[in-house]
Student: 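One structure is given below, represented as structure tokens, and several questions about it will come after.
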Amino acid sequence: MSRKRAAPEEDKSKSVKRGSFNPSWQNGLEVSLKDTASHLYSDELVVIIRDKFPKAKHHFLLLPQACIDNLELLDESHVMLLEHMIEKGKDFAKTNIEPKTKNSVRLGFHMVPSMSHLHMHIISQDFDSIYLKNKKHWNSFASPFFRDAESVLEILKKNGKASIDKKKGEELLKQPLRCHVCKELPANIPRLKEHIKRHDKDRS
DNA sequence: GTTCTAGAAC
DNA sequence: GTTCTAGAAC
């Protein structure tokens with residue numbers, strides 16, 4: 001028998017995709033929110049879960065319980081919520097991430113998120129992960145595409161909103177690969193991954 | 001968000 | 001020839 005791969009299971013997905021602008025993967029976080037068994041922390045306002053494809057040794061997502069799609073929908077009334085998100089995110093990092101790496105943890109949002117439901121990343125800066133595979137992955141965490149939660153909070157306080165610049169986001173994802181520690185410019189992803197191992201050794 | 005893979009880059 | 005990236009997925 002000469003066949004390259006198993007036959008594609010077309011029928012299974014068609015019913016979902018056809019006539020729907022919101023493919024199921026975009027709603028993954030809504031599903032996780034309802035799956036209380038996956039909650040590592042929860043209170044009346046927020047939930048913390050593991051990122052399904054962690055891009056570093058420690059990578060979690062903190063989501064509000066309320067159905068807020070993205071940063072664009074925040075206004076003055078959400079300042080306290082965002083402060084709570086940051087506080088609980090920091091607490092979680094302090095107690096759940098080993099001391100060696102906890103100093104380099106960042107809390108923040110993607111400039112243009114792929115998935116529905118507002119989510120704040122809690123991610124260590126080693127970027128040691130088999131799931132970090134391409135330029136988009138890298139730039140979404142190591143370029144200004146990653147917006148620190150504290151800066152977003154300041155902007156929200158100042159302007160009463162935290163708008164999304166989609167065009168700027170798309171440009172940032174296409175920027176050359178740049179080491180987040182020493183600003184070196186590795187030629188490709190394998191070389192970048194080899195390069196950042198050095199900084200990990202420097203720290204330990 | 002991921003998977004898959006054509007063809008660019010080496 | 002092999003490695004690597006980048007765009008389609010109905």
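As a basis for the values below, the full set of heavy atoms in this structure was taken, side chains included, without hydrogen atoms, waters or symmetry mates.
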Student: Look at A:Arg191 together with A:Glu184 and state whether they make a salt bridge at an N to O cut-off of under 4.0 Å.
Tutor: no

Student: Give me the distances for all protein-to-nucleotides 2-5 of chain C N/O pairs that come in under 3.5 Å?
Tutor:
{"residue": "C:dT5", "atom": "OP1", "partner": "A:Ile189", "partner atom": "N", "Å": "2.7"}

Student: Going by the angle between their ring planes, with limits at 30° and 60°, are A:Phe92 and A:Phe60 parallel, tilted or perpendicular?
Tutor: perpendicular

Student: Atom NZ of A:Lys135 and atom P of C:dA6: how far apart are they, to the nearest Å?
Tutor: 5 Å

Student: Is the A:Phe109-A:His119 ring centre distance short of 6.0 angstrom?
Tutor: no

Student: Quick one: A:Lys136 NZ to C:dA6 P, roughly how many Å, whole number?
Tutor: 12 Å

Student: If you count the non-hydrogen atoms of other residues, nucleotides and ligands that lie under 6.0 Å from NZ in A:Lys90, is the total more than 12?
Tutor: no

Student: When all nucleic acid strands are considered with a 4.0 Å heavy-atom cut-off, which category describes A:His137: base, sugar-phosphate, or nothing?
Tutor: sugar-phosphate

Student: Indicate, with a heavy-atom threshold strictly under 4.0 Å, whether A:Lys55 touches base, sugar-phosphate, or nothing.
Tutor: sugar-phosphate

Student: Do the ring planes of A:Phe145 and A:His110 sit parallel (below 30°), tilted (30 to 60°) or perpendicular (above 60°)?
Tutor: tilted

Student: Honestly curious: do A:Ile86 and A:Ile97 fall in one hydrophobic cluster under the side-chain, below-4.5 Å linking rule?
Tutor: yes

Student: In dot-bracket notation, what is the pairing pattern of DNA chain C, taking Watson-Crick (N1-N3 plus N6-O4 or O6-N4) and G-U wobble (N1-O2 and O6-N3) contacts under 3.5 Å, with [ ] crossing and | for other strands?
Tutor: |||||||||.

Student: Whole angstroms only, please: what is the NE2-P distance between A:His59 and B:dG1?
Tutor: 9 Å

Student: Have a look at A:Tyr131 and say if it touches a base, only the backbone sugar-phosphate, or nothing, with a 4.0 Å heavy-atom cut-off.
Tutor: nothing

Student: Round to a whole Å and report the spacing from CZ of A:Arg50 to P of B:dG1.
Tutor: 19 Å

Student: Does a sphere of radius 6.0 Å around NZ in A:Lys193 hold more than 12 heavy atoms from other residues, nucleotides or ligands, not counting ones at 6.0 Å or beyond?
Tutor: yes

Student: Got a salt bridge between A:Glu171 and A:Lys166, using NZ or NE/NH1/NH2 to carboxylate O under 4.0 Å?
Tutor: no

Student: Under 3.5 Å, which donor-acceptor pairs do the side chains of residues 32-47 of chain A form with other protein atoms, sequence neighbours left out?
Tutor:
{"residue": "A:Ser32", "atom": "OG", "partner": "A:Gly28", "partner atom": "O", "Å": "3.2"}
{"residue": "A:Asp35", "atom": "OD1", "partner": "A:Ala37", "partner atom": "N", "Å": "3.4"}
{"residue": "A:Ser38", "atom": "OG", "partner": "A:Ser32", "partner atom": "O", "Å": "3.4"}
{"residue": "A:Ser38", "atom": "OG", "partner": "A:Asp35", "partner atom": "O", "Å": "2.8"}
{"residue": "A:His39", "atom": "NE2", "partner": "A:Ser32", "partner atom": "O", "Å": "3.0"}
{"residue": "A:His39", "atom": "NE2", "partner": "A:Leu33", "partner atom": "O", "Å": "3.0"}
{"residue": "A:His39", "atom": "NE2", "partner": "A:Asp35", "partner atom": "O", "Å": "3.4"}
{"residue": "A:Tyr41", "atom": "OH", "partner": "A:Asp43", "partner atom": "OD2", "Å": "2.8"}
{"residue": "A:Asp43", "atom": "OD1", "partner": "A:Leu45", "partner atom": "N", "Å": "2.7"}
{"residue": "A:Asp43", "atom": "OD1", "partner": "A:Val46", "partner atom": "N", "Å": "2.7"}
{"residue": "A:Asp43", "atom": "OD2", "partner": "A:His84", "partner atom": "NE2", "Å": "2.7"}

Student: Could you tell me the separation between the CZ atom of A:Phe141 and the P atom of B:dG1, rounded to a whole number of Å?
Tutor: 7 Å

Student: Using whole Å, report how far CG of A:Asn139 lies from P of B:dG1.
Tutor: 13 Å

